[in-house]
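Structure first, then comments.
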Amino acid sequence: MSIYLKQITIDTPLYFWAIDLLSVSFPVEERRDGDLQRKIMEHPDYRLMAIADGDTAVGVAGYFDAPQFVYFENFCILPDKRNGGYGSETLKLLTDGLNKPFILEAEPPADELTRRRIAFYKRNGMKENPYPHIQPHYRKDDPDLPLVILSYGKVITQRQYDEFRRYLDINVDVKNNRR
């Protein structure tokens with residue numbers, strides 16, 4: 001396995017494939033649809049990447065490469081490629097040599113799937129943070145969704161979390177007409 005990341009833009013053939021994979025991998029409140037996804041693609045910090053193994057796309061990663069941290073927003077591997085090491089290799093690729101916090105959100109461990117997801121992230125060097133957190137809203141009518149914050153290598157400070165939250169409120173959250 002020799003994976004790499006390939007940037008996706010709205011005019012590349014992989015764009016609609018990536019959007020379809022995100023839509024089957026995440027519930028509606030945890031992803032953008034249509035116009036909102038096209039709009040966020042214009043954000044200077046946002047990256048939508050195909051996770052590729054040779055000539056084959058095996059997954060999608062969406063993240064914000066902000067000046068003070070990387071916010072790893074969405075991450076999914078094709079169902080028939082899961083448990084093959086692609087997720088771990090992708091996280092390693094993104095975190096190796098990174099000199100700023102790498103932050104992601106995950107559902108609290110409430111059932112077998114969410115417990116396994118948190119365990120996967122922890123096996124791959126992510127640390128659970130103590131800060132109460134609500135996911136940014138992708139639609140104005142989305143309910144609040146409490147999530148767990150994880151960061152690579154070490155827990156972020158309260159100040160770093162506050163900067164992260166401010167960034168999300170300004171750049172990601174649409175509930176209060178911020179975007």
Side-chain angles (χ1 to χ4, degrees), residues 5-12 14-23 25-51 59-76 87 90-91 93-108 117-118 121 125-179:
L5 300 177
K6 180 179 180 176
Q7 179 119 21
I8 298 172
T9 62
I10 57 173
D11 58 352
T12 58
L14 283 174
Y15 178 75
F16 292 103
W17 173 85
I19 300 310
D20 286 346
L21 181 56
L22 288 168
S23 69
S25 299
F26 290 94
V28 69
E29 65 274 5
E30 293 183 33
R31 61 178 163 81
R32 290 178 195 82
D33 289 321
D35 291 340
L36 293 173
Q37 182 63 42
R38 281 187 289 283
K39 182 174 180 172
I40 205 68
M41 297 290 290
E42 298 170 4
H43 193 288
D45 296 344
Y46 185 75
R47 311 285 182 272
L48 186 63
M49 309 295 277
I51 303 162
V60 176
Y63 60 93
F64 288 82
D65 190 359
Q68 62 274 45
F69 55 81
V70 171
Y71 166 43
F72 199 51
E73 184 182 51
N74 294 110
F75 173 47
C76 51
T90 300
L91 288 173
L93 188 64
L94 286 164
T95 56
D96 274 358
L98 190 64
N99 59 1
K100 56 186 171 182
F102 182 87
I103 304 168
L104 61 83
E105 305 156 318
E107 294 134 319
R117 188 173 296 127
I118 295 279
Y121 285 126
M126 303 299 293
K127 305 296 181 194
E128 191 169 335
N129 285 251
Y131 313 113
H133 180 75
I134 300 295
Q135 174 190 276
H137 303 89
Y138 296 120
R139 284 162 222 69
K140 293 184 189 310
D141 59 346
D142 279 353
D144 287 351
L145 181 61
L147 296 176
V148 174
I149 291 292
L150 296 118
S151 52
Y152 181 73
K154 63 181 180 180
V155 172
I156 58 176
T157 65
Q158 179 70 56
R159 187 174 129 295
Q160 288 172 312
Y161 174 77
D162 292 344
E163 287 175 359
F164 171 67
R165 182 74 249 179
R166 263 190 307 281
Y167 181 91
L168 295 181
D169 289 345
I170 293 166
N171 294 280
V172 183
D173 198 312
V174 300
K175 188 150 192 161
N176 296 313
N177 293 319
R178 295 178 183 116
R179 284 216 38 88

State, yes or no, whether a side-chain contact exists between Asp33 and Arg139 at a heavy-atom distance under 4.5 Å. yes

Just to verify, what does Glu128 make a salt bridge (Lys or Arg N to Asp or Glu O under 4.0 Å) with, not counting sequence neighbours? Lys122

Quick note, salt bridge (charged side-chain N to carboxylate O under 4.0 Å, His left out) partners involving residues 146-156, not counting sequence neighbours, are none

Would you please name every residue forming a salt bridge (Lys or Arg N to Asp or Glu O under 4.0 Å) with Asp65, sequence neighbours left out? Lys100

Between Val172 and Arg32, is there a side-chain heavy-atom distance shorter than 4.5 Å? yes

Could you verify whether a donor N or O on one side chain and an acceptor N or O on the other, from Tyr167 and Asp45, lie under 3.5 Å apart? yes

For the CZ atom of Phe64 and the CD1 atom of Ile40, what is their distance to the nearest 0.5 Å? 4.0 Å

Drop me the distance from Leu145's CG to Glu30's CD, to the nearest 0.5 angstrom. 5.5 Å

The side chain to side chain donor-acceptor pair (under 3.5 Å) partners of Tyr63 (sequence neighbours excluded) come to none

Which residues satisfy the salt bridge (Lys or Arg N to Asp or Glu O under 4.0 Å) test with Glu107, sequence neighbours excluded? Arg117

Do the side chains of Val70 and Thr95 get nearer than 4.5 Å, heavy atoms only? no

The side chain to side chain donor-acceptor pair (under 3.5 Å) partners of Tyr15 (sequence neighbours excluded) come to none

In short, Leu147 meets Pro108 closest at the heavy-atom pair CA-CD, 4.2 Å

Please verify the inter-ring angle class for Phe102 with Phe72; under 30° counts as parallel, over 60° as perpendicular, anything in between as tilted. tilted

Nearest heavy atoms of Ile8 and Ala50, plus distance in Å: CD1-N, 3.5 Å

Is any side-chain heavy atom of Asp162 less than 4.5 Å from a side-chain heavy atom of Tyr131? no

Please list, chain by chain and in numerical order, all residues satisfying side chain to side chain donor-acceptor pair (under 3.5 Å) with Arg38, sequence neighbours excluded. Asp35

Taking C-beta and beyond as the side chain, do Leu5 and Ile51 meet within less than 4.5 Å on heavy atoms? yes

Closest non-hydrogen contact found for Gly59 with Leu21 is CA-CD2, 3.9 Å

With a 4.5 Å heavy-atom cut-off, do Glu105 and Ile149 have their side chains touching? yes

With sequence neighbours excluded, residues passing ring pair (Phe, Tyr, Trp, His ring centres under 6.0 Å) with Tyr121: none

Interatomic distance, CD@Glu73 vs CG@Leu48, rounded to 0.5 Å, equals 9.5 Å

Rounded distance (nearest 0.5 Å) linking atom CD of Glu42 with atom CD1 of Ile10: 6.5 Å

Can you give me the closest heavy-atom contact between Asn129 and Ser151, atom names plus distance? ND2-OG, 2.9 Å

Heavy atoms, side chains only, cut-off 4.5 Å: are His133 and Leu168 in contact? yes

Side chain to side chain contact (heavy atoms under 4.5 Å, CB included) assessment of Gln160 paired with Phe164: CA-CA 6 Å; Gln160 288 172 312; Phe164 171 67; over 6 Å; no

Is any side-chain heavy atom of Gln135 closer than 4.5 Å to a side-chain heavy atom of Asp173? no

Measure across Cys76 and Leu22 and return the closest heavy-atom pair with its distance rounded to 0.1 Å. SG-CD2, 3.8 Å

Results of side chain to side chain donor-acceptor pair (under 3.5 Å) for Gln37 - residues two or more places apart only: Tyr46

Non-neighbouring partners of Glu163 that pass salt bridge (Lys or Arg N to Asp or Glu O under 4.0 Å), sequence neighbours left out: Arg159

Closest heavy-atom pair, Val155 versus Pro130, reported as atoms and distance to 0.1 Å, is CG1-CD, 3.8 Å

Applying ring pair (Phe, Tyr, Trp, His ring centres under 6.0 Å) to Phe16 and not counting sequence neighbours gives none

Tyr152: which residues meet the ring pair (Phe, Tyr, Trp, His ring centres under 6.0 Å) condition with it, sequence neighbours left out? none

